[in-house]
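Written out below as structure tokens is the structure these notes cover.
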Amino acid sequence: MAETITADMVIHDIVTKYPATVKVFHGHGLPCTACAVGARESVAGGARTHRFTPEKLEQLLIDLNAAVRGEPVSVAPKKAPTGRGIPLTMSSSSVDRKIKQVIAIMSGKGGVGKSLVTGLLAVSLRRQGLHIGVLDGDITGPSIARMFGTSGQPAKSLNGGIEPLTSKGGIRVMSMNMFLEHESDPVVWRGPMVSGAIKQFYNDVDWGQLDYLLVDLPPGTSDAPMTVLQSLPVDGIIIVSSPQMLATMVVKKCINMVRQLKGVIVGIVENMAYFETPDGDRYEIFGPSNGTELVGLSGAPLLAQLPIDPSLTKLCDAGRVEEYYSPTYETLAENFINTLKVKR
Ligand SMILES: Nc1ncnc2c1ncn2[C@@H]1O[C@H](COP(=O)(O)OP(=O)(O)OP(=O)(O)O)[C@@H](O)[C@H]1O
Ligand SMILES: [Mg+2]
């Protein structure tokens with residue numbers, strides 16, 4: 001008796017074992033079999049990527065099982081897609097998108113506060129009653145789970161995907177740290193594995209309905225940022241910088257990379273812009289602001305200039321980022337929302 005094809009099976013394994021299923025995938029508008037990247041996904045993951053409704057996924061499975069048994073299927077094969085090996089690019093225009101906007105947080109340089117800006121933007125947006133997810137795209141140096149104090153391992157969801165962990169404040173979080181036995185275990189992975197994990201975090205995680213999915217990226221212009229920009233339906237990119245000359249130079253590289261990959265920069269955040277004493281005196285510890293220069297370079301607005309606040313570091317380290325409140329971050333969230341409204 002033929003085995004039953006289920007949603008958690010990998011497309012590549014199915015088409016290798018049952019070549020008759022290729023035409024079923026194509027007939028259902030899933031060209032994943034022709035794509036070296038997409039074929040490594042599960043059926044459920046491929047369906048999510050292509051915005052399938054649960055009914056459409058069910059029909060696909062019925063047809064796949066019929067093809068395996070040599071029975072007639074409900075779809076006529078469309079012309080097989082060309083372009084084997086081209087990364088999967090997804091359309092962001094689909095109306096049945098469960099995640100309304102995917103926003104990536106980037107910078108050319110390490111340690112300028114990408115993860116912190118990602119975390120606090122998520123917190124401020126959540127305070128406005130929005131549904132927020134945070135995907136930790138820093139696979140080898142994850143910090144998001146620690147910041148939100150989530151513990152435990154993600155479980156399998158009802159749809160056969162992965163259930164993200166939820167923070168105290170209701171933010172859905174997915175990070176590589178959740179899969180390590182010890183938080184300090186190193187993830188010694190090469191680029192393709194890192195890219196695969198990021199795609200899985202997007203495709204195989206049951207994010208549910210989200211207003212914004214924020215993707216925290218590792219520094220630089222390497223595999224991980226490229227994967228996110230090329231394989232996820234990113235609607236906009238926030239660039240984080242700090243007022244150091246070197247930061248500006250490397251951030252320029254980052255802006256140029258986004259341009260090359262046809263991404264849209266929705267705003268610049270200047271972090272560690274100043275330190276304010278209890279008396280209200282401001283000191284520009286890392287030098288004068290270069291926000292205006294970056295605005296000129298990127299053509300995107302300056303969303304916020306954030307101060308250095310030692311209490312913030314403590315809360316992040318203690319997994320209590322959601323307890324932090326500062327009007328500056330509320331302003332960041334408001335500017336962010338308004339900028340996206342204008343862009344839409
Ligand atoms: N405005 C700030 N005030 C105080 N501490 C800050 C501020 N911004 C960042 N930090 C601290 O600086 C450190 C680096 O920040 P963070 O991890 O967010 O940077 P990153 O750009 O994500 O780094 P990486 O490139 O390694 O991913 C953290 O300990 C963070 O808590
Ligand atoms: Mg980081």
Side-chain angles (χ1 to χ4, degrees), residues 103-124 134-150 173-178 183-184 186-187 189 194 197-198 201 214-228 237-244 246-251 253-255 257 268-278 282-287 289-291 294 302-333:
I103 304 293
I105 290 81
M106 272 182 93
S107 81
K109 192 170 151 58
V112 293
K114 289 174 294 299
S115 304
L116 182 120
V117 168
T118 308
L120 281 170
L121 179 60
V123 171
S124 304
V134 180
L135 187 163
D136 192 345
D138 197 344
I139 302 295
T140 53
S143 53
I144 294 290
R146 151 67 71 108
M147 199 185 281
F148 282 95
T150 52
V173 182
M174 181 51 61
S175 174
M176 193 63 205
N177 255 10
M178 298 169 181
E183 199 189 34
S184 53
V187 180
W189 281 4
V194 168
I198 292 177
F201 279 4
L214 305 182
V215 183
D216 178 32
L217 289 177
T221 49
S222 60
D223 282 327
M226 262 180 68
T227 300
V228 169
I237 295 140
I238 293 179
I239 307 254
V240 181
S241 178
S242 69
Q244 289 154 288
L246 185 64
T248 316
M249 187 268 286
V250 281
V251 168
K253 276 189 205 292
C254 175
I255 293 174
M257 172 188 169
I268 305 282
V269 173
E270 192 170 39
N271 188 27
M272 308 189 196
Y274 58 90
F275 176 75
E276 195 168 271
T277 65
R282 284 191 179 189
Y283 294 92
E284 292 177 334
I285 292 181
F286 293 126
S289 165
N290 51 31
L294 293 176
L302 188 61
L303 298 176
Q305 287 181 301
L306 307 171
I308 299 169
D309 183 347
S311 71
L312 193 47
T313 320
K314 276 188 209 140
L315 281 176
C316 286
D317 287 348
R320 292 161 48 204
V321 71
E322 288 171 295
E323 292 172 33
Y324 185 76
Y325 177 83
S326 154
T328 328
Y329 287 90
E330 305 303 307
T331 311
L332 164 65

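These figures come from a predicted structure and were not determined experimentally. Both counts, for ligands and for their atoms, begin at 1 and track the order of listing.
Using a 4.0 angstrom heavy-atom cutoff, Pro307 counts as in contact with ligand 1. In this structure, Ser107 falls outside the shell of residues with a heavy atom less than 4.0 angstrom from ligand 1. The closest approach between any non-hydrogen atom of Leu306 and ligand 1 is not below 4.0 Å.
Listed by atom number, the atoms of ligand 1 under 4.0 Å from Pro219 heavy atoms are 25 (O). Shown in contact with Gly111 at under 4.0 Å from a heavy atom are these atoms of ligand 1, numbered in order with element: 19 (O), 20 (P), 21 (O), 23 (O), 24 (P), 25 (O), 26 (O). Atoms of ligand 1 found under 4.0 Å from any heavy atom of Met272, numbered from 1 in the order shown, are 8 (N), 9 (C). Which parts of ligand 1 touch Gly110 is read off a 4.0 Å heavy-atom cut-off, strictly below it: atoms 25 (O).
Proximity of a side-chain donor or acceptor of Thr150 to a complementary backbone N or O of Arg146 within less than 3.5 Å is not detected.
One of the N, O or S atoms belonging to Ser115 lies under 2.8 Å away from the Mg ion (ligand 2).
Which of Leu120, Asp309, Leu315 comes nearest to atom 3 (N) of ligand 1 through a heavy atom is settled by distance: it is Asp309.
Atom 28 (C) of ligand 1 is not flagged as protein-proximal [any protein heavy atom, distance under 4.0 Å].
For Pro218, no nitrogen or oxygen atom sits less than 3.5 Å from a nitrogen or oxygen atom of ligand 1, counting backbone and side chain alike.
Looking at Asn271 against ligand 1, only its side chain comes within 4.0 Å, counting heavy atoms.
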